[in-house]
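Note that these values count all heavy atoms, side chains included, but never hydrogens, waters or copies made by symmetry. Chain A is the first sequence line, chain B the second, and so forth, proteins listed ahead of strands; every chain is numbered from 1.
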Amino acid sequence: MRRTQPSALSQLVEITYKRRRLVTRAMMIVLIAAFLVATVPLFSVFFHVVRQGLPALNMDFFTHLPAPVGEAGGGLANALLGTIILVVLASVIGIPWGVVIGIFLSEYGKSRFAALVRFSVDMLASIPSIVIGLFVYALVVIPMKRFSGLAGGLALGILMVPTIARTTEEILKLIPVHIREAGLGLGVPRWKMILFIIVRGSMGAIATGVILSVARVAGETAPLLFTALSSRFWFGGLDQPIASLPVQIFNYAISPFEEWQSQAWGGALVLILFVFVTNIITRLALRRAHGSGQS
Amino acid sequence: MKIIRKRRDIHHGDRYFYFLLKGLASGLPLLLFLIAAFLLKASWPTINEFGAAFLFTQDWDPVGEHFGVLAFAFGTIVSSLIAIAIGAPLSIFTALFLTELASSRVAKVAGFLVEMLAAIPSVVYGLWGIFVLAPILRIHVEPFLGKTLGFLPLFQGPPYGVGMLAAGIVLAIMIIPTITSVSREVFRSVPQSYREAAMALGATRWEVMRIAVLKTGSTGILGAVILGLGRALGETMAVTMVIGNRADISASLFSPAQTMSSVIANEYAEATSATHVAALLEIGLVLFLLTFIVNSLARVFVWRASLGRSAR
């Protein structure tokens with residue numbers, strides 16, 4: 001009887017089921033669309049930077065000083081050199097400090113004090129980079145009474161610490177306990193075990209984290225504005241203002257001169273290629289290391 | 001005898017090592033404290049002179065030496081809210097796509113693409129914003145919005161291209177990787193048995209996501225969104241380049257504005273009087289405190305979300 005006359009209930013079930021299936025199908029499309037929309041800017045930025053930046057790149061771009069307003073030609077060689085100097089300086093401060101904090105958090109990370117340090121790492125990572133710049137301005141620039149490469153390097157170095165500390169901690173935590181125990185069981189002191197077994201064994205992965213954070217600070221602009229400032233000349237000492245690629249891109253981008261805007265695109269291309277290439281290479285290296293470790 | 005002494009030496013080495021590490025690590029909380037202390041000290045002249053009025057007045061006049069941050073705070077908050085309104089749904093759906101829908105191979109590549117959004121330097125986003133996004137907004141989007149939704153005060157006024165809307169969109173792009181990756185972690189930590197339970201009750205694919213994943217992860221998602229907000233509040237270069245830099249409080253999203261970080265970036269060079277410099281530093285202090293609070297809040301939410309489920 002039921003088979004010949006479908007009840008009102010089963011009809012209702014049928015209708016709601018159709019609706020639910022429709023909603024599900026629509027939501028699946030929404031999810032895929034959301035992902036596609038989210039990646040549009042990536043491709044758009046890359047496309048425009050390559051298209052507008054490529055014509056600006058020539059020998060002069062990499063070897064010459066900026067040309068005065070109105071003159072054609074010139075390059076960003078001093079800014080490229082300046083960024084390298086600033087990044088090296090930042091690395092000298094940021095890498096050892098960040099790695100040591102990472103080791104501390106992974107190996108002695110259970111105390112209350114360690115929780116405070118971990119909290120500080122998180123907070124430091126979330127402070128806007130321009131605020132770090134202001135801090136260094138108040139700490140170094142005001143007493144020295146001038147902008148300097150030293151101040152810029154310090155600001156970038158501080159920015160590196162939290163990312164390096166975090167990745168180092170996460171990497172070291174991946175090492176199984178039995179390896180630590182094996183080391184200690186052989187009568188090796190703990191500090192030797194940590195340095196020569198744990199840290200040495202994950203040197204490659206730590207280096208990956210370090211390289212990624214270097215790539216990140218190389219593109220930082222805001223903290224350099226009032227620490228390193230900028231310069232139209234070659235490097236003249238660490239106590240002098242120093243040019244950097246990101247600041248130069250900023251200055252040229254907001255300038256009204258087409259020649260300069262074109263060079264800003266060129267600089268952006270150099271910066272983006274550097275960031276993308278380091279990201280891709282380090283990730284591939286990391287994946288290969290992980291793959292061989294698992295199989 | 002000898003053996004015992006040797007063992008003691010070993011312990012000494014360990015102790016020195018521990019103190020060395022601890023000493024270097026304690027530099028970090030100290031640094032955080034120093035940042036607050038130096039900003040406070042350097043901005044003391046204006047704190048002293050204007051007090052709370054600094055926060056609640058709109059008058060920013062470096063020549064007349066009168067400083068109030070309200071218009072910039074408005075710009076910061078509104079641009080960040082636009083960013084959240086656009087970026088949060090996109091990110092959450094993207095994270096759902098990556099964890100629930102995509103095969104692990106697709107998710108790997110797709111996740112990498114989203115992460116690369118975070119690798120693009122801020123100044124490059126700004127450059128793109130000035131020369132690509134702003135013209136599109138000026139020529140296509142803003143006139144269209146004005147025509148269709150122009151009855152709302154939000155979408156009135158001449159289309160400049162650069163302005164609050166442009167800043168909000170660029171910020172949205174910049175916070176997508178943050179919110180997506182945190183949401184992804186949250187969704188991943190939802191136990192598989194929840195999904196299976198929902199499926200066993202006859203839920204469709206979307207209903208599984210809604211009931212088992214989104215609902216369980218809601219605290220964590222909130223944390224992720226607040227983290228994104230924290231990032232948007234302090235973002236400087238891209239915003240400075242596309243927001244138009246005019247300290248107006250306007251209901252229209254098309255009009256130029258100014259944020260707390262963009263005013264610092266814009267005026268550092270021309271700040272000559274000591275009061276002006278102190279005022280800029282005080283903005284930095286306000287930003288520091290604001291992001292500190294917002295991020296602590298986010299941390300509590302994310303921490304709670306991951307603690308509640310995965311017993312790690």
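- Heavy atoms of Ser43(B) lying under 4.5 Å from chain A are absent altogether.
- Residue Leu105(A): no heavy atom, backbone or side chain, is found under 4.5 Å from chain B.
- Only the side chain of Ile130(B) has a heavy atom closer than 4.5 Å to any heavy atom of chain A.
- Of the residues considered (Leu20(B), Leu24(B), Thr291(B)), Leu24(B) shows the highest number of contacts with chain A, using heavy-atom pairs under 4.5 Å.
- In terms of heavy atoms, Ala138(A) sits closest to Ala42(B) at CB-CB, 4.0 Å.
- Summarising the local packing, CZ of Phe33(B) is surrounded by 12 or fewer heavy atoms from other residues, nucleotides or ligands at distances under 6.0 Å.
- Distance check, rounded to the nearest 0.5 Å: CE of Met193(A) to CZ of Phe17(B) gives 9.0 Å.
- Among Gly27(B), Ser26(B), Pro29(B), the residue making the largest number of heavy-atom pairs under 4.5 Å with chain A is Pro29(B).
- In this pair, Phe97(B) and Phe35(A) present their aromatic rings parallel. The plane angle is below 30°, not in the 30 to 60° band.
- In terms of heavy-atom pairs under 4.5 Å with chain A, the best-connected choice from Leu133(B), Ile35(B), Thr236(B) is Ile35(B).
- For chain A, no part of Ala102(B) is nearby; none of its heavy atoms comes within less than 4.5 Å.
- By number of non-hydrogen pairs under 4.5 angstrom with chain A, the leading residue of Gly230(B), Ala265(B), Gly87(B) is Ala265(B).
- Atom CZ of Phe257(A) has more than 12 heavy atoms from other residues, nucleotides or ligands within 6.0 Å.
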Q: Give the intermediate values and the outcome of salt bridge (charged side-chain N to carboxylate O under 4.0 Å, His left out) for residues Glu115(B) and Arg283(A).
A: CA-CA 12 Å; Glu115(B) 275 170 39; Arg283(A) 267 159 220 257; 2.5 Å; yes

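- Heavy atoms closer than 4.5 Å to chain A are found in both the backbone and the side chain of Leu28(B).
- Neither the backbone nor the side chain of Leu269(A) has a heavy atom closer than 4.5 Å to any heavy atom of chain B.
- Considering Ile130(A), Ile127(A), Leu134(A) in turn, Ile130(A) is the only one that fulfils the side-chain contact (heavy atoms from CB on, under 4.5 Å) rule with Leu287(B).
- In this structure, chain A has a heavy atom under 4.5 Å from the side chain of Leu39(B), while its backbone stays farther away.
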